[in-house]
Amino acid sequence: MSDLYVILGVDRTVDAAALKRAWRDLARRLHPDRNPGDPSAGSRLAEVNAAYDVLSDPERRAQYDRYGADAASAFFDPSTAEPLAPAEQRGIRTGPVRARPVLHGADANVVLLLSALQASRGGVHTVEVEPDRVCDGCGGTGLRRTGRLCGKCERGVIKGLGSWRVQVPRGIASGQVLLATGRGHPGSGRGARSGDLRITVDVEPVYTTEGLDRVVRVPAEESVLAHGGVLEVQPPVGEAVRIRIKPQTRPGQRIRLRGKAEAGRDLLVELQSIPDAPIPVDVVRI
Ligand SMILES: [Zn+2]
């Protein structure tokens, strides 16, 4: 099986912020809207999202690290290229030990790409979280070789988390997270909770001109502005650039990136504050 860290292109020592950056970068590049007619991008994206679902959860990441790639394949196997093993194989045992352990479901993570206009207007958008897939237990027939009904699926299909319609609030900024409580991976056992669906918004940057400079507004979490951190900025040309934010940076502050705009012009990065807390939203399954 592929290593989850390799799938996301990160070191095993990666911290949560860098892990998130790596995931968002890949999710943006592999997004179906950006790769029309390329089905391999969709299955890579599913793999990337599934790897992030595990590694972004500290308990699940510890479990994965402890048991290594081989043992971890028992609860998560991305080499199938299909997103997720059943929750009971990946979950974490909680509560008192008993015959049927209660396994809470994992959060599901997905990126929603929006244009600047869509972000300012808000409104209803669709996210495809995890498509249904053909059952690997019975090859999609719904029957075991013995002729019995397959216990893993319904008529040969394993239900994914499907697609959801989400109400996006107006004025949403890149990096903000829309939280649909209980819409993530299902748990198993009595009283088990489902995970949450976390929709990270990604808004196309808008570049304006001021004199000889180009200007772009870049959202940063309040905690990053307060305590410092690293931000990724996409200039109008060339590769993304990482900039270090000093502690106690005020929103509205500008950082000059020399020669990073078109024709060697400077890019001014204007920092915009966004809340760390996710925004609760309503979603409807479609
Ligand atoms: Zn089956």
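Computed from heavy atoms alone, side chains included, the values below leave out hydrogens, waters and symmetry copies. Residue numbers count from 1 along this sequence. Whatever order the structure lists ligands and atoms in, that order sets their numbers, starting from 1.
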| Can any side-chain N or O of Asp276 pair as donor or acceptor with the backbone N or O of Ser223 at less than 3.5 Å? | yes
| request: Count, excluding waters, the protein N, O or S atoms that are closer to the Zn ion (ligand 1) than 2.8 Å. | output: 4
| field | Contact summary for His104 and Gly191, nearest pair of heavy atoms | value | CE1-O, 4.0 Å
Using residues 259-268 as the side-chain source, report each donor-acceptor pair under 3.5 Å to any protein atom, sequence neighbours left out, with the distance given to one decimal.
unit_1, atom_1, unit_2, atom_2, d
Glu262, OE1, Arg214, NE, 3.0
Glu262, OE2, Arg214, NH2, 2.9
Asp266, OD1, Gly259, N, 2.9
Asp266, OD2, Arg256, NH1, 2.9
Asp266, OD2, Arg258, NH1, 3.2

Without placing hydrogens or testing angles, list every side-chain donor-acceptor pair under 3.5 Å for residues 107-121, not counting sequence neighbours.
unit_1, atom_1, unit_2, atom_2, d
Asp107, OD1, Asp196, N, 2.8
Asn109, ND2, Asp53, OD1, 2.9
Ser115, OG, Gln118, N, 3.1
Ser115, OG, Gln118, OE1, 3.4
Gln118, OE1, Ser115, N, 2.8
Ser120, OG, Leu117, O, 3.0

| query | Tell me the salt bridge (charged side-chain N to carboxylate O under 4.0 Å, His left out) pairs involving residues 221-231, sequence neighbours left out? | reply | Lys20-Glu221
| Would a distance-only check, ignoring hydrogens and angles, find a side-chain to backbone donor-acceptor pair under 3.5 Å from Tyr52 to Ala27? | no
